[in-house]
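Beneath this line is the structure, given in structure tokens, with notes to follow.
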2 protein chains.
Amino acid sequence: MPTVTARVLDVLAAFSADRPRLTLSELAARAGLPLSTAHRLVGELTAWGALERGDDGRYHVGLRLWEVAALAPRGLGLRETAMPFLEDLYEVTRQNVQLAVLDGTEVVYVERLAGRSSVHVFTRVGGRLPLHATGVGLVLLAHADPGLRERVLAAPLRRYTAKTVCDPAELRRMLADVRTTGVAISDGQIELISLSVAAPVRGPNGDVVAALSVVVPSDGTNPHSFVPAVRATARGISRALAASEHHFQ
Amino acid sequence: MPTVTARVLDVLAAFSADRPRLTLSELAARAGLPLSTAHRLVGELTAWGALERGDDGRYHVGLRLWEVAALAPRGLGLRETAMPFLEDLYEVTRQNVQLAVLDGTEVVYVERLAGRSSVHVFTRVGGRLPLHATGVGLVLLAHADPGLRERVLAAPLRRYTAKTVCDPAELRRMLADVRTTGVAISDGQIELISLSVAAPVRGPNGDVVAALSVVVPSDGTNPHSFVPAVRATARGISRALAASEHHFQ
DNA sequence: GACCGCGCTTCCGCTGAACGGAAGGATGGA
DNA sequence: TCCATCCTTCCGTTCAGCGGAAGCGCGGTC
């Protein structure tokens with residue numbers, strides 16, 4: 001019933017962050033395919049370089065696919081432009097710096113930058129988190145189109161900590177605030193030990209295409225002291241995007 | 001004749017760094033497919049999220065594919081571990097820092113780190129360069145298996161500048177040198193204006209899995225002053241890789 | 001050393017999904 | 001209004017993909 005294309009993609013999607021290396025049988029099971037079918041598909045994917053086979057016989061995502069994916073404008077493409085600015089921001093703040101975009105009703109982290117001395121955070125490049133519990137999420141939600149916003153607020157909002165804001169009315173107030181101030185401060189909503197200061201990054205046509213944040217430990221630090229730097233960096237990236245020939249939808 | 005899987009991958013491979021956004025017809029032409037076939041494939045790929053359609057109607061690589069590809073152990077996976085160290089190295093040197101792996105007979109750049117003030121270099125994350133003309137390439141070639149090394153040295157070696165070393169005998173001498181000193185210095189071999197200092201990154205089993213380099217302007221700077229920092233960083237990453245549970249083939 | 005279990009690989013005949021030529025929009029420029 | 005370009009849909013034919021089954025290779029167990 002399913003098309004070949006869909007099957008190929010399902011094979012790729014069988015890999016996940018917690019299981020990035022799979023045997024053929026695991027792969028077949030996860031993709032819901034008979035072993036012989038999986039065997040053929042995986043063989044073709046491996047020959048092309050979309051998958052690679054490790055010394056242990058397990059398969060993992062290959063470099064060739066990574067190269068192609070690096071062309072995703074909202075992935076490494078956006079990253080490429082933003083990187084020098086993130087770099088500068090990291091140097092000023094010496095805290096985790098993150099860049100994220102909106103996809104569906106979630107945040108996808110496109111870049112995370114941290115020295116060895118920074119606080120450990122559990123976001124991962126390529127990872128997803130919900131919109132209502134992160135600084136970048138609040139920024140993206142605040143500037144998302146109203147239809148999406150209502151859909152997110154109408155759905156049940158998962159609680160991560162005692163501080164997670166799960167009340168639609170209160171979130172609505174926070175989002176309005178984000179729109180007027182131009183920054184979001186998410187305090188302990190996803191992890192009690194950290195808070196983040198986020199600001200919107202705009203594309204050439206003025207739409208918000210990404211959000212950027214600094215994650216700092218919540219013990220005593222005054223988040224407001226980070227606001228100017230975060231805001232300035234976000235503006236810098238927006239300007240660089242406008243100047244670059246690439247257009248982000 | 002070609003399998004569906006191959007076609008799907010060819011569609012993805014139609015995107016390149018210089019043309020990351022394509023109309024349906026361009027895509028069909030590049031992939032060598034009839035328009036109607038391309039239309040169907042692209043439709044399925046878009047529905048899944050492997051491709052996205054921009055406001056202008058052009059297609060580009062999608063976020064979903066990027067997420068999957070981020071699991072490539074030699075791509076973002078390796079990157080993830082190395083990042084904090086690269087970060088630290090950048091801060092000490094304030095020069096371009098690069099991380100690359102070997103694929104086939106070329107170098108693939110996995111990460112490039114630079115502030116706004118650094119020299120502009122023409123490498124790009126996800127990009128490829130030949131082994132004989134770059135610092136990271138020399139390191140990877142020096143530690144590659146002898147079969148590959150001979151194959152590379154036997155093939156014609158492209159000249160990029162007057163300083164590019166294209167003589168197999170001289171290269172062989174340089175590679176031996178890299179193995180004894182543990183660092184490679186590539187002076188103006190790819191661009192006259194810059195030189196790079198590179199060192200090997202080893203996986204848990206001692207194999208060289210990547211190389212790391214600092215690119216500095218060639219005007220008067222003494223490359224040897226960078227050697228200790230580069231070497232220390234490479235060792236640090238190697239140790240971190242050994243400590244992490246992920247194994248890089 | 002014979003047996004078993006597990007995971008991978010190969011084979012092959014059937015079938016329906018993929019194919020692509022052709023016709024039909026949609027858009028925009030002359 | 002006409003033409004050019006690009007995109008979308010349709011539909012009959014065919015052959016590539018399918019997957020059950022059988023075979024292989026290895027490591028563990030009695």
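Naming: A, B, ... by sequence-line order, numbering from 1 per chain.
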Quiz item: Counting heavy atoms not belonging to Arg231(A), are there more than 12 under 6.0 Å from its CZ?
Solution: yes

Quiz prompt | Atom CZ of Arg124(B): over 12 foreign heavy atoms under 6.0 Å | solution = yes

Quiz item: Which pairs count as salt bridge (charged side-chain N to carboxylate O under 4.0 Å, His left out) when at least one residue sits in residues 25-44 of chain B, sequence neighbours excluded?
Solution: Arg19(B)-Glu26(B), Glu26(B)-Arg58(B)

Minimum heavy-atom separation for [X] to [Y], with atom names?
X: Leu212(B); Y: Leu86(B); result: CD1-CD2, 3.6 Å
X: Leu140(B); Y: Ala210(B); result: CD2-C, 3.8 Å
X: His60(A); Y: Phe15(A); result: CA-CE2, 3.7 Å

Self-check item: Any side-chain heavy-atom pair of Arg112(A) and Asn96(A) under 4.5 Å
Solution: yes

Quiz item: Can you name the residues that form a side-chain contact (heavy atoms from CB on, under 4.5 Å) with Ala38(B), not counting sequence neighbours?
Solution: Leu24(B), Ala28(B), Leu33(B)

With the criterion being N/O to N/O and under 3.5 Å, what pairs connect the protein with nucleotides 13-15 of chain C, and how long is each?
none

Just how far, in rounded Å, is [atom2] of [N] from [atom1] of [X]?
X: Leu35(A); N: dG23(D); atom1: CG; atom2: P; value: 17 Å
X: Asp10(B); N: dA18(C); atom1: CG; atom2: C1'; value: 16 Å
X: Glu44(A); N: dT10(C); atom1: CD; atom2: P; value: 13 Å

Practice problem: Please name the residue in the list Val61(A), Leu63(A), Thr46(A) that meets the side-chain contact (heavy atoms from CB on, under 4.5 Å) test with Glu52(A). | Solution: Leu63(A)

Exercise. Give a yes/no answer on whether the side chain of His39(B) brings an N or O atom under 4.0 Å of OP1 or OP2 in dC7(D).
Key: no

Exercise. Report, as a single string ordered 5' to 3', how protein heavy atoms within less than 4.0 Å touch nucleotides 19-25 of chain C: B base, S sugar-phosphate only, - not at all.
Key: BBB----

Exercise. Pull out every residue in residues 22-30 of chain B that has a heavy atom closer than 4.0 Å to any atom of DNA chain C, ordered by number, or say none.
Key: none

Quiz item: Taking only residues two or more places apart in sequence or in another chain, which ones pass salt bridge (Lys or Arg N to Asp or Glu O under 4.0 Å) with Asp103(A)?
Solution: Arg74(A), Arg128(A)

